[in-house]
Amino acid sequence: MKERVVVTGMGAITPIGNSVEEFWSGVKEGKTGFDKITYFDTEGYRASLAAQVKGFNAADYMDRKTAKRMELFCQYAVAASKEAIENAGLDMEKEDPFRVGVCVSSSIGSLQIMEKEEKRLIEKGAGRVAPLLVPMMISNMASGNVSIAFGCRGKSLNVVTACATGSHSIGEAYRSIQAGEVDVMIAGGAEAAICPIGIAGFSSLTALTSSDDPKRASIPFDKERSGFVMGEGAGVVVLESLSHAKARGAKILAEVAGYGATSDAFHITSPCEDGSGAAKSMELAMTEAGVTPKEVSYINAHGTSTHHNDLFETRAIKLAFGDEAYRVPVSSTKSMVGHLLGAAGAVEFITCVKSIEDSYIHPTVGYKVKDEECDLNYVPGEGIHGEVRVALSNSLGFGGHNATLAVKKFEA
């Protein structure tokens with residue numbers, strides 16, 4: 001028998017709050033985190049808006065010497081993990097450290113240090129490149145630093161699937177516990193890529209909106225959508241086998257009941273046009289969770305605010321849900337925090353857990369103009385108050401990666 005897997009702790013660093021409580025309060029207020037980029041001068045760039053994290057101080061989560069050896073994405077990862085571990089009441093001194101693993105992933109790592117050291121290389125020569133360039137740059141250091149910070153000696157992974165990274169990380173952590181390899185996994189995603197090369201690269205790809213109006217920039221499923229707004233931050237959860245959680249008397253927040261993962265095998269940036277890849281991902285997650293489309297209370301969509309994603313994800317939901325697609329509420333958290341890339345799926349998973357806990361489905365903030373081809377219930381205007389028993393969280397990544405997590409209200 002496979003182990004049941006439950007969520008016992010959560011942590012978040014986001015553009016609308018640097019804790020799960022602050023983030024969720026912002027979500028319920030319909031708060032948005034979009035503003036002019038302050039990290040660098042955007043003159044000459046197609047995109048000038050981003051969803052930056054505000055008021056983050058690494059020294060609040062670790063000592064200054066440790067923080068100096070981490071790039072921002074790792075600082076976010078450790079900060080969110082600290083909150084999640086504390087929220088779970090997980091005492092590592094009482095755990096077998098080899099039974100506690102980590103899968104806190106980043107899809108990009110640090111573009112900032114590559115920019116900085118490439119400039120140093122050109123201007124001052126190869127001998128002046130920082131000795132810690134590589135360990136500060138590579139994306140696996142989110143998991144590495146979390147493992148070191150908290151003494152987790154079980155399996156330590158970095159799943160890189162572009163914008164599906166956070167969801168796949170939680171999914172693969174779930175599988176590791178099901179397989180009996182570990183009792184606990186610290187899982188999620190972290191990203192910090194709001195920098196010149198990051199904004200320029202995504203802009204050249206025409207993925208980012210060029211809107212300079214924060215209220216009409218990230219507007220998933222709206223007919224006037226024109227691209228995503230880059231965000232940053234981290235989302236981390238503590239997953240445990242049900243038996244382990246019960247044995248230590250942990251408070252159970254929700255159950256991870258299903259995980260679907262597929263590939264479109266279609267295009268390096270565009271989802272499959274008929275939505276079949278993402279549809280199959282949802283179908284697999286529902287089948288494993290033992291639920292039908294009629295039993296799903298909510299879908300947290302990938303919903304990036306790009307033309308192709310929103311249209312093809314809408315088609316995928318129709319394919320997977322049939323007539324039920326028009327009943328189930330669908331909303332995008334990116335309408336408030338932008339696209340956190342490798343951290344997006346993890347923060348959106350946390351949103352699903354909070355929706356179950358608080359019996360609340362947030363609206364797609366800023367949605368105004370209906371698109372004839374995107375004709376589902378995207379929760380316009382006000383949120384929905386009512387019981388949420390089963391939620392699906394979708395993530396779709398460049399390269400055709402699809403991931404769906406099914407979260408259930410916990411029942412003993």
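- Contact check on Glu288 versus Arg175 returns a salt bridge, with a Lys/Arg side-chain nitrogen under 4.0 Å from an Asp/Glu carboxylate oxygen.
- A salt bridge links Lys334 and Glu348; the closest N-O separation between the charged side-chain nitrogens and carboxylate oxygens is under 4.0 Å.
- Between Asp222 and Arg216 a salt bridge is recorded (basic side-chain N to carboxylate O distance below 4.0 Å).
- Between Ser276 and Asp274, the side chains place a donor N or O and an acceptor N or O closer than 3.5 Å (distance only, hydrogens not considered).
- Side-chain N or O atoms of Asn394 include none that pairs as donor or acceptor with a backbone N or O of Thr404 at under 3.5 Å.
- In the model, Ser297 has no side-chain atom that pairs as donor or acceptor with a side-chain atom of Glu387 under 3.5 Å.
- The aromatic ring centres of Tyr367 and Phe221 sit 6.0 Å or more apart.
- Of the N and O atoms on the side chains of Thr314 and Tyr378, at least one donor lies less than 3.5 Å from an acceptor on the other residue.
- Thr262 places a side-chain N or O within donor-acceptor distance of the main-chain N or O of Gly277, the cut-off being under 3.5 Å.
- Between the side chains of Ser167 and Ser395, at least one donor-acceptor pair of N or O atoms lies under 3.5 Å.
- A 4.5 Å side-chain heavy-atom check between Val104 and Ser81 finds at least one atom pair inside the cut-off.
- Between the Glu172 side chain and the Cys103 main chain, no donor and acceptor come within less than 3.5 Å of each other.
- Heavy-atom contacts from other residues, nucleotides or ligands closer than 6.0 Å to CG of Asp323 number 12 or fewer.
- A salt bridge does not link Lys54 with Asp35: none of the charged nitrogens is closer than 4.0 Å to a carboxylate oxygen.
- Side-chain contact check for Tyr298 and Ser331: at least one donor-acceptor pair (N or O, by modelled atom type) lies under 3.5 Å.
- A salt bridge between Lys82 and Asp60 is absent, with no side-chain N of the basic residue lying under 4.0 Å from a carboxylate O of the acidic one.
- In this structure, Phe398 and Phe202 have tilted ring planes: the angle between them lies in the 30° to 60° band.
- Between Lys223 and Glu372 there is a salt bridge, since at least one side-chain N of the basic residue sits less than 4.0 Å from a carboxylate O of the acidic one.
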